[in-house]
Protein chains: 2
Amino acid sequence: MYTALYNHIRKYVAFADADAAALEPYLYKKEVKRKEILLKPGQVCKDHYFVKKGLVRMYLMDEKDTEKITTFAIENWWVTDNDSFITGQPTEYYMQAIEACELIYIKAAERDALFKTVPAYESYTRMIAERALVAYQRRVNFINMMSDEERYRFFVESFPGFLQRVPQYMLASYLGFTPQFMSKIRAKR
Amino acid sequence: MYTALYNHIRKYVAFADADAAALEPYLYKKEVKRKEILLKPGQVCKDHYFVKKGLVRMYLMDEKDTEKITTFAIENWWVTDNDSFITGQPTEYYMQAIEACELIYIKAAERDALFKTVPAYESYTRMIAERALVAYQRRVNFINMMSDEERYRFFVESFPGFLQRVPQYMLASYLGFTPQFMSKIRAKR
DNA sequence: CCGATTTCTTAAACTGGTTTCATTTTTTGA
DNA sequence: TCAAAAAATGAAACCAGTTTAAGAAATCGG
């Protein structure tokens with residue numbers, strides 16, 4: 001049932017069947033439909049989701065009611081509002097399934113007990129956090145070093161399959177510009 | 001000698017004197033002068049630095065030889081090129097002391113042994129990584145939601161003391177605009 | 001399979017921030 | 001303490017990306 005997650009964990013740490021058995025009571029499942037909302041502003045983000053199947057996004061609404069997408073999560077990625085999940089403060093984010101999803105998740109309230117019971121899981125969590133940190137660092141680099149147009153072309157070349165899964169206007173939002181500007185760029189070549 | 005670090009660790013995890021004794025063989029000290037370079041592109045970032053005293057920045061050079069500052073680290077912050085430190089790939093960053101610094105650091109090569117010897121230190125490292133993640137998330141939020149001018153005013157109001165420690169052009173670089181634009185804004189009010 | 005909704009495109013006027021170049025002010029270290 | 005270097009300012013021309021508004025194309029769900 002949770003083998004997708006166990007396989008992922010085993011890429012990072014030694015994880016015996018006994019560890020899996022100890023972990024299982026802390027794991028939960030959720031299936032969501034296309035467009036279903038998993039979190040909205042004002043709520044506390046109590047779960048950390050592992051995407052077994054599907055595609056999730058997180059976004060903010062700005063003062064002009066425009067969506068600003070900050071995160072996409074596909075298969076084998078973890079997604080949460082780290083801020084709310086860790087501090088317990090209410091979130092400012094929406095989290096929504098773009099495609100129908102199968103999710104595995106753990107609960108914030110049970111995290112300390114889980115780490116105590118399965119230390120290998122804490123090592124894994126540390127490594128996942130560090131890997132997310134590297135991703136954020138690369139992203140700030142990316143924003144600093146490239147113009148909007150360069151970022152678009154780089155993204156499309158680096159992740160060609162991704163464009164098939166999200167509408168263009170969402171990619172525009174994620175990359176930080178308008179759909180109109182994206183059309184302008186695309187018309188060029 | 002390392003009490004500043006121990007005090008910081010104790011804000012996050014239970015950390016007995018025995019833990020401190022076990023940790024100490026893995027800790028190193030470094031004193032650097034104002035403007036001294038700690039890391040430059042092409043090198044592998046082998047250390048994770050804790051700023052006991054002073055102020056460090058990380059920056060990139062763009063194709064026009066302009067500095068793009070990505071990180072400032074002050075007292076009680078950890079700083080490293082996470083990407084290079086974790087993957088062992090050569091860095092693209094410069095790391096430089098803005099003020100004379102007293103640093104404490106650990107070595108990438110000894111990290112696994114350290115985590116094994118002092119598990120509480122791994123928990124602490126996880127929490128530090130998660131906290132850095134929250135900082136990055138807030139920063140992407142910040143970039144998404146505010147114009148350059150708004151970001152400047154927000155930053156100056158939120159961290160008034162910081163302006164005394166870094167030249168304005170460095171803050172401009174960190175916030176993603178030119179010194180000229182900063183002068184323009186400042187002249188307004 | 002078709003009407004409703006969502007997504008994509010085009011175009012013109014506009015603006016926030018850059019570039020270039022020159023000058024002034026401040027800081028530094030010998 | 002003073003010359004040299006570093007940092008800050010100013011102004012004008014410019015440009016990358018936005019805004020507004022409208023129509024066309026694609027997709028979805030009943």
Side-chain angles (χ1 to χ4, degrees), chain A residues 32-37 54-55 57 59 61-69 72 94 96-101 142-156 162-189, chain B residues 32-37 54-55 57 59-69 72 94 96-100 142-156 162-189:
Chain A
V32 293
K33 285 185 257 178
R34 200 175 118 75
K35 300 206 175 176
E36 198 168 323
I37 299 282
L55 175 53
R57 66 169 176 152
Y59 61 99
M61 285 304 211
D62 72 8
E63 65 290 344
K64 284 171 193 146
D65 272 313
T66 319
E67 295 170 0
K68 301 279 191 177
I69 297 179
F72 291 115
Y94 289 88
Q96 185 196 35
I98 296 181
E99 303 172 356
C101 291
F142 192 59
I143 293 170
N144 267 301
M145 301 303 275
M146 296 187 200
S147 69
D148 288 4
E149 178 165 358
E150 287 170 329
R151 247 177 293 138
Y152 167 75
R153 300 205 187 279
F154 180 85
F155 193 95
V156 169
F162 199 77
L163 263 184
Q164 265 68 65
R165 294 180 75 176
V166 304
Q168 290 177 26
Y169 80 90
M170 286 193 190
L171 180 56
S173 170
Y174 178 75
L175 293 176
F177 50 78
T178 58
Q180 291 85 331
F181 182 62
M182 187 149 163
S183 279
K184 207 191 253 181
I185 292 171
R186 289 165 57 84
K188 276 208 225 170
R189 299 193 194 163
Chain B
V32 292
K33 285 184 258 178
R34 198 175 120 73
K35 300 207 174 173
E36 198 168 324
I37 299 284
L55 175 51
R57 66 169 176 153
Y59 61 98
L60 296 157
M61 285 304 213
D62 72 8
E63 64 290 343
K64 283 172 195 145
D65 273 313
T66 320
E67 296 170 0
K68 302 280 192 175
I69 297 179
F72 290 115
Y94 289 87
Q96 185 196 34
I98 297 180
E99 304 171 356
F142 191 59
I143 293 170
N144 267 302
M145 300 304 274
M146 296 187 199
S147 68
D148 288 3
E149 178 165 355
E150 286 169 330
R151 246 177 294 138
Y152 168 75
R153 298 203 188 282
F154 181 85
F155 193 95
V156 170
F162 200 77
L163 263 183
Q164 264 70 64
R165 295 181 73 178
V166 304
Q168 289 178 29
Y169 81 90
M170 286 195 190
L171 180 57
S173 170
Y174 179 75
L175 292 176
F177 49 78
T178 58
Q180 290 86 334
F181 182 62
M182 188 150 163
S183 279
K184 207 192 252 177
I185 292 170
R186 288 164 58 84
K188 275 210 224 169
R189 297 191 194 163

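Each chain gets a letter, A, B and so on, in the order its sequence line appears, and its residues count up from 1.
Side-chain atoms of B:Gln96 never come within 3.5 Å of backbone atoms of B:Glu36 as a donor-acceptor pair (strictly under, hydrogens ignored). For the pair B:Arg186 (side chain) and B:Phe181 (backbone), a donor-acceptor distance under 3.5 Å is absent. A:Arg57 places no side-chain N or O within donor-acceptor distance of the main-chain N or O of A:Ile69, the cut-off being under 3.5 Å.
For the pair B:Lys188 NZ and D:dT9 P, the computed distance is 15 Å after rounding to whole Å. Rounded to whole angstrom, the span from the CD atom of B:Gln164 across to the C1' atom of C:dT26 amounts to 15 Å. The nearest whole Å value for the distance from the CZ atom in B:Phe181 to the P atom in D:dG10 is 14 Å. Taking atom NZ of A:Lys33 as the reference point, atom C1' of D:dC28 lies 15 Å away to the nearest angstrom. The CD-P distance, from B:Glu67 to D:dA7, rounds to 9 Å in whole Å. The interatomic distance linking A:Met182 (CE) with D:dT19 (C1') rounds to 18 Å, in whole Å. Here D:dA6 presents its C1' atom at 14 Å from CD1 of B:Ile98, a figure rounded to the nearest Å. One interatomic measurement links the two molecules: CG of A:Asp148 to C1' of D:dT19, which rounds to 15 Å at whole-angstrom precision.
The residue among B:Lys64 and A:Met170 whose nearest nucleotide of DNA chain C lies closer to the 5′ end is A:Met170. Each of B:Gly176 and B:Arg34 has a nearest nucleotide on DNA chain C; the 5'-most of these lies closest to B:Gly176. Residue-to-nucleotide proximity on DNA chain D shows that, of A:Met146 and B:Pro179, the 5′-proximal contact is made by B:Pro179.
When the side-chain nitrogen and oxygen atoms of B:Lys184 are compared with OP1 and OP2 of D:dA11, none of them lie within a distance under 4.0 Å. The shortest distance between the side-chain N/O atoms of B:Arg186 and the OP1/OP2 oxygens of D:dT9 is below 4.0 Å. At the phosphate of D:dG10, neither OP1 nor OP2 sits under 4.0 Å from any side-chain N or O atom of B:Ser183. The side chain of B:Gln168 contributes an N or O atom lying less than 4.0 Å from OP1 or OP2 of D:dT9. Considering only side-chain N and O atoms, A:Lys35 lies nowhere under 4.0 angstrom from the phosphate OP1 or OP2 of D:dC28.
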Review point. Going through the checks in order, is the ring pair (Phe, Tyr, Trp, His ring centres under 6.0 Å) test met by B:Phe162 and B:Phe72?
Key: CA-CA 10 Å; B:Phe162 200 77; B:Phe72 290 115; 5.1 Å; yes

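Out of D:dG10, D:dT19, C:dG17, the shortest distance to the side chain of A:Gln180 is found at D:dT19.
Remark: B:Thr178 OG1 to B:Tyr169 OH distance equals 14.5 Å, nearest 0.5 Å.
Counting non-hydrogen atoms under 4.0 angstrom, B:Phe177 reaches the backbone sugars and phosphates but no base. Base contact: A:Thr178 has a heavy atom under 4.0 Å from a base atom.
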